Amino acid sequence: MTEAVDEAMAARALDAADPLAGFRARFRLPEAADGTPALYLCSNSLGLMPVDAGARIAEVLDSWARQGGGGHEAGKAPWLTFHEQFAEPLAHLVGSASGEVVAMNTLTVNLHLLLVSFYAPTTTRHRILIERAAFPSDRYAVASQLAFHGRRPEESLIEIGPRPEEEVLRTEDVIAAIERAGPTLALVLLPGVQYLTGQLLDIEAISRCARAAGACVGWDLAHAIGNVPLALHDSGADFAVWCSYKYLCGGPGAVAGAFVHARHAHATRLPRFAGWWGHDAASRFDMPAEFVPMAGAEGWQLSNPPVLALAPLAAALTLFDAAGIERLREKSLALGRFARETIRRRLGGRVTLITPDAPAEHGAQLSLKVAGTPGRGRAVHAALQAAGVIGDWREPDVIRLAPAPLYNTYGEVERAIGHLARALAAP
Ligand SMILES: *Cc1c(COP(=O)(O)O)cnc(C)c1O
C-alpha cells in the first residue's frame, strides 16, 4: 500500500516537471462512464483526436462551399498541392529528405505499389524474407505478390521467428537468415516496431546486411512512425510504408505514407503501377499520353489527394513538429521506465513483460502476458476495460498498453497499473 502511495507521489512529481505536459490540452480525451477522462493507453491502435482536427476539415469544407472547384487553386491550402505540406513533417519523423516521402493512399495499398517496384523476382533471386508473426495484411500482400509473379510460398517465402522459449527476434538471427539466403534473396520486409511484442528492430543493421546480400529492403513502420525517431535515409532502406492513424493521430482510416530512398528518385526503369498524380507536375495538365514520373516518392502517387481525409493529419503533424520527435522519445522512454519499475514492484511474477527492456529495442508499447491460462489474461483485460483503462487484447494471449508521450501522463500509467494489480488480485 505504501508503495502505491510513493508511486502516486513520484508520478505527480514527474508530471509537474514534464516539459511536454502542455500538449495534452491539444487533444480530445475520451471519457470513462463516470465522465472523467478514460485512461487511454491505446495509441498503438488509434491515436487521439487533435482539438484542431475539426477546424482543419472545416477549412476545406468552407473552401469547397465558397469556391466550388476554385478551391483547387485558391485558398490557404489549395487542393492541387495539398499533399505537399506533409512532406517536411513526415521527413522529420522518418529521418529523410522531404523528396523521399509522400502522404498517399493507405498502408496496404502503398505496400502493394512499392512491392511492384521493389520485388522483381528472377529465376535465381526470388525469395522474400518476412517474420512468421507478420501482421496479417503484410502477409496477404506478400503472398498475393508471390502468386502474381507465379511463385509459390514454399519456394519463395522465408519466415523467421524468435528462438524456442523466446518472445522476440534476435538481430543476429535475422542477419544469419539473410546471409543464408544470400543470392536467392530478393527482398527483406520487416516491421520497424513489431505490432504484438512492441519490439523495435535494428533497422540500420538489418538494412545494411540485406543490401550487402544484394536484396532490396522495405520496412512497415505502422507502429514505429511517431513512436520512435527513425533514420531511414541513412539506413539505406529502399522503401518504407506506414499508416497515420496509430501514434500519428491522423484519424480513423487516415491517409498513409511512403518513403522511397533518394537513390531511386530518378529510377525510370523500375516497374511501377502509374497514375496521373505520379506524372511530372509541370506537364500533368497537358494530358500527355506518355507517363513521365515525378522525381522521388511523389512519382508513386496515383490520384489527386483526398483532401478531406488529409486535413486532420495536418493538425496532428503540426503538434509533432512543435514537440519534436527527439523530445517525445525522451518522455516516452521515461514513461516506459516508470511503467516497468512500477509493474515489477507491484505485480511481480503475475505478469510477464514480453517487450524488451533495452531502450534501443522498444517504443511506447508494453506487451504483457498474464500468468495462467489465456482465459485468465482475457478476464484481466476485460476487468481493466471495465475499470476505464483502454488498452487492447491481441490473440492468443497479449495485453497491449501504450502510453503516448504527447498526451499521456505518469499519473495515468500509475493508475492503470493500480487497476491491473486489482484485476490480478480478483479471483
Ligand atoms: C496497423 C497495421 C496495418 C494496417 O494496414 P491498413 O492498410 O492501414 O489497414 C498494416 N500493417 C501493420 C504492421 C500494422 O500494424
Side-chain angles (χ1 to χ4, degrees), residues 82-84 86-87 90-91 94 96-121 126 128-130 134-151 156-157 186-192 207 210 215-222 224-225 232-233 237-245 248 250 253-281 284 290-306 309-310 313:
F82 199 84
H83 61 285
E84 290 176 3
F86 300 95
L90 288 173
V94 302
S96 75
S98 56
E100 293 177 300
V101 294
V102 62
M104 62 179 187
N105 309 313
T106 48
L107 188 156
T108 309
V109 173
N110 290 340
L111 181 54
H112 273 297
L113 292 175
L114 291 165
L115 286 172
V116 164
S117 295
F118 293 103
Y119 179 60
H126 56 88
I128 303 181
L129 184 144
I130 63 169
F135 191 83
S137 198
D138 299 37
R139 170 178 300 275
Y140 306 152
V142 164
S144 58
Q145 290 276 340
L146 287 175
F148 181 69
H149 288 284
R151 298 247 146 228
S156 298
L157 192 63
L187 175 72
V188 172
L189 178 69
L190 290 170
S207 297
C216 286
V217 55
W219 292 94
D220 182 330
L221 302 178
I225 191 163
L232 277 189
H233 177 87
D238 291 283
F239 73 91
V241 294
W242 57 86
C243 53
S244 305
Y245 47 81
L248 271 199
V255 177
F259 160 90
V260 179
H261 196 277
R263 69 177 172 277
H264 304 299
H266 302 283
T268 46
R269 286 208 309 279
L270 276 181
R272 83 172 95 193
F273 285 172
W276 75 317
W277 228 255
H279 180 91
D280 175 28
R284 184 182 295 144
E290 194 198 340
F291 177 76
V292 178
M294 293 186 73
E298 280 196 72
W300 272 265
Q301 294 177 107
L302 298 180
S303 302
N304 73 99
L310 276 166
L313 188 58

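Quick caveat, the model's predicted, so the values are computed rather than measured. Side chains are part of it too, since the values below use all heavy atoms of this structure and drop only hydrogens, waters and symmetry mates.
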Looking only at heavy atoms, what is the nearest atom pair of [X] and [Y], with distance?
X    : Y    : value
L111 : V241 : N-CG1, 3.8 Å
I128 : Y119 : CG1-CE1, 3.5 Å
H233 : A262 : CE1-CB, 4.1 Å
L107 : C243 : CD1-N, 3.5 Å
A256 : S244 : CA-OG, 3.6 Å
S137 : T108 : OG-OG1, 2.8 Å

With a 3.5 Å cut-off and sequence neighbours excluded, list the donor-acceptor pairs that the side chains of residues 290-299 form with protein atoms.
residue	atom	partner	partner atom	Å
E298	OE1	H83	NE2	2.9
E298	OE1	Q301	NE2	3.3

inquiry  = Run the ring pair (Phe, Tyr, Trp, His ring centres under 6.0 Å) test against F118 and tell me which residues pass, sequence neighbours left out.
reply    = F239, H264
key: With H266 via ring pair (Phe, Tyr, Trp, His ring centres under 6.0 Å) - residues at least two apart   = none
[atom2] on [Y] to [atom1] on [X], rounded to 0.5 Å:
X    : Y    : atom1 : atom2 : answer
W219 : W242 : CH2   : CH2   : 14.5 Å
W300 : L113 : CH2   : CG    : 10.5 Å
L157 : I130 : CG    : CD1   : 4.5 Å

key: Residues forming a salt bridge (charged side-chain N to carboxylate O under 4.0 Å, His left out) with D238, sequence neighbours excluded   = R263
remark   = The salt bridge (charged side-chain N to carboxylate O under 4.0 Å, His left out) partners of R272 (sequence neighbours excluded) come to none
Restricting to side-chain hydrogen bond (donor to acceptor under 3.5 Å, both in side chains), what partner residues turn up for [X], sequence neighbours left out?
X    : answer
S144 : none
N105 : N110
S156 : H126
S96  : none

In chain order, what residues pass the side-chain contact (heavy atoms from CB on, under 4.5 Å) check against [X], with sequence neighbours excluded?
X    : answer
P271 : none
F86  : F82, L90, A103, L310, L313, A314, L317
A224 : V193, L221, V228, L230

